[in-house]
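A quick write-up on the structure given underneath.
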Amino acid sequence: MCCPGSGRTGKGSVGDGISGPGSRSLGRMGFFTLDDFNVRGRKILVRVDINSPVDERTLRLEDGSKIRSSVPTIRELIDRGARVAILAHQGRPGDYDFISLNEHAQYLSQFTGKKIRYVDDILGPHAMRAIQNLADGEAILMQNVRNLSEEQVKRSPEEHSESQLVKTLSSKFDLYVNDAFGSSHRAHASLVGFTPVMPSAAGRLLEREVSTLSKVFQTPARPSTYIFGGTKFSDALQAIEKLADKDNADNLIIAGLAGYAFLWVLGKRVGARTEDKIKKDVGEEVAAAARKLYDRRKEKIQLPVDGAVEIEDHRVEFDIDKMPGDAAILDIGSASIERFNKTIMASKTVFLSGPPGMFEREEFCKGTKEMFEAIIESGAYSVIGGGHSGAAANKLGLLDKFSYVSTGGGALERLMLGKEMPVIEALRASAKKL
Ligand code: 3PG
Ligand code: MG
């Protein structure tokens with residue numbers, strides 16, 4: 001058994017005492033961290049979030065920046081002589097990006113400088129043997145945990161602790177470490193099921209995300225501007241509604257497909273092929289809520305005034321009122337960029353969740369590139385996250401220019417709203433028990 005209180009200082013040894021709420025990391029955030037455990041020679045089960053964008057044609061990973069964010073925890077555990085098995089997911093069953101984690105293991109090996117073997121199993125004999133044979137300072141990556149049907153069912157931590165996954169693996173490990181900040185809004189088996197039955201700690205990424213972001217959202221420097229892009233308007237709307245009512249949130253910019261979805265619910269025509277995409281995401285309830293919000297808070301909200309479409313392999317921009325009937329808008333247009341950037345330049349805090357256009361394609365990267373550049377140039381405290389914002393910043397060579405790049409999408413939005421985060425709650429509950 002691996003107990004807190006011994007820590008990395010090597011003062012104590014495993015099992016020599018349990019630190020209570022007075023310990024350093026508990027005092028700050030209410031959960032244990034890697035500082036609180038002696039991990040040498042111990043078997044550690046680590047849940048990370050390395051869910052990455054996938055090229056739809058080749059099914060290869062498009063970007064490794066989220067994988068890189070998981071490296072500090074894994075590297076530290078390896079360096080401290082732990083025996084590490086990593087659990088992670090990629091995509092969702094039925095989606096094209098639901099692929100094996102084989103390539104992720106190659107990225108991890110490259111980033112850590114240590115061979116991290118991919119084990120195509122979780123609960124079978126192959127996995128059991130691999131776990132059993134782990135040497136000090138060795139790490140393996142297990143199969144995509146969403147292959148298990150019980151993984152994604154929404155249950156309480158206690159209910160999940162009865163799952164095959166938790167029952168099988170909890171007895172094989174001394175400590176559970178959760179570093180999956182990007183999934184901390186999900187109550188899935190591998191995310192919350194181990195904490196009721198095992199000593200548990202947050203990894204370095206989760207620790208850093210929670211402490212940095214809580215500060216930014218509670219007391220942003222003003223004026224503060226919140227930009228929502230990406231494709232999921234229905235997901236973003238809740239966050240937008242809450243922010244609209246917050247006194248310390250000054251401007252709300254809705255770009256990307258989300259912005260056109262907002263225009264569409266307000267009765268604008270944004271092109272048949274854009275509307276087909278929007279209709280998959282936005283139902284009548286969301287549309288009604290968005291209209292109500294706009295009526296109430298329109299002075300805070302900025303929407304696109306034009307958009308870029310593809311005509312014969314070229315980018316062509318149209319004002320919203322002149323959008324071709326069959327258009328598929330792929331980026332915001334120059335007039336929208338100019339307006340949005342004016343607001344950005346006058347801000348002291350800028351938060352961006354989700355890219356404003358289809359940055360993966362050269363012709364439609366303009367909105368993302370120019371808004372990112374304005375955010376950096378503004379000198380505001382800048383936080384980007386959500387959707388594939390980190391990947392976009394990486395592609396543009398701007399990743400290290402923002403004050404903070406979060407790996408969270410939905411997680412970031414929930415944290416921003418002060419909503420309950422199942423993973424953080426589970427870690428706190430587990431810490432209280434010990
Ligand atoms: C994400 O990328 O959003 C996280 O990895 C969580 O994945 P999910 O949205 O498919 O649950
Ligand atoms: Mg998601």
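Each ligand, and each atom within it, is numbered from 1 in the order the structure gives. Quick note: residue numbers are just sequence positions, from 1.
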Quiz item: So, is H188 polar-close to ligand 1, with some N/O to N/O distance under 3.5 Å?
Solution: no

Exercise. Determine which pairs satisfy ring-ring contact (aromatic ring centres under 6.0 Å, His included) with at least one residue from residues 185-218, sequence neighbours left out, and list them in order.
Key: Y176-F194, F217-F351

Quiz item: Is it the side chain (CB and beyond), the backbone, both or neither of K66 that lies under 4.0 Å from ligand 1, heavy atoms counted?
Solution: side chain

Quiz item: Nearest to atom 11 (O) of ligand 1, what protein heavy atom do you find, and at what distance?
Solution: R186 NE, 2.5 Å

Practice problem: Please could you name the atoms of ligand 1 that S183 approaches to less than 4.0 Å, counting only its heavy atoms? | Solution: 4 (C), 5 (O), 6 (C)

Exercise. State whether the side chain of D121 and the backbone N or O of A127 hold a donor-acceptor pair below 3.5 Å, judged by distance alone.
Key: yes

Practice problem: Please tell me if the side chains of I278 and F233 come closer than 4.5 Å, counting only heavy atoms from C-beta onward. | Solution: no

Exercise. For R146, take its heavy atoms, then give the atoms of ligand 1 lying under 4.0 Å from any of them.
Key: 7 (O), 8 (P), 10 (O), 11 (O)

Quiz item: What residue and atom, counting heavy atoms only, is the protein's closest point to atom 4 (C) of ligand 1, and at what distance?
Solution: D49 OD2, 3.3 Å

Quiz item: Hey, which atoms in ligand 1 end up nearer than 4.0 Å to a heavy atom of G182?
Solution: 4 (C), 6 (C)

Quiz item: Do V39 and L34 have side chains that get closer than 4.5 Å, going by heavy atoms?
Solution: no

Quiz item: Within less than 4.0 angstrom of ligand 1, does Q152 place any heavy atom?
Solution: no

Quiz item: For atom 7 (O) of ligand 1, what is the nearest protein heavy atom, given as residue, atom name and distance?
Solution: H89 NE2, 3.3 Å

Exercise. Starting from atom 1 (C) of ligand 1, locate the nearest protein heavy atom and write down its residue, its atom name and how far away it is, to 0.1 Å.
Key: N51 ND2, 3.6 Å

Quiz item: Within a radius of less than 6.0 Å around NZ of K268, do more than 12 heavy atoms belonging to other residues, nucleotides or ligands occur?
Solution: no

Practice problem: Taking T274 for its side chain and A327 for its backbone only, find out whether a donor-acceptor pair lies under 3.5 Å. | Solution: yes

Self-check item: Ring-face cation contact, F111 with R68, 6.0 Å cut, 45° max
Solution: yes

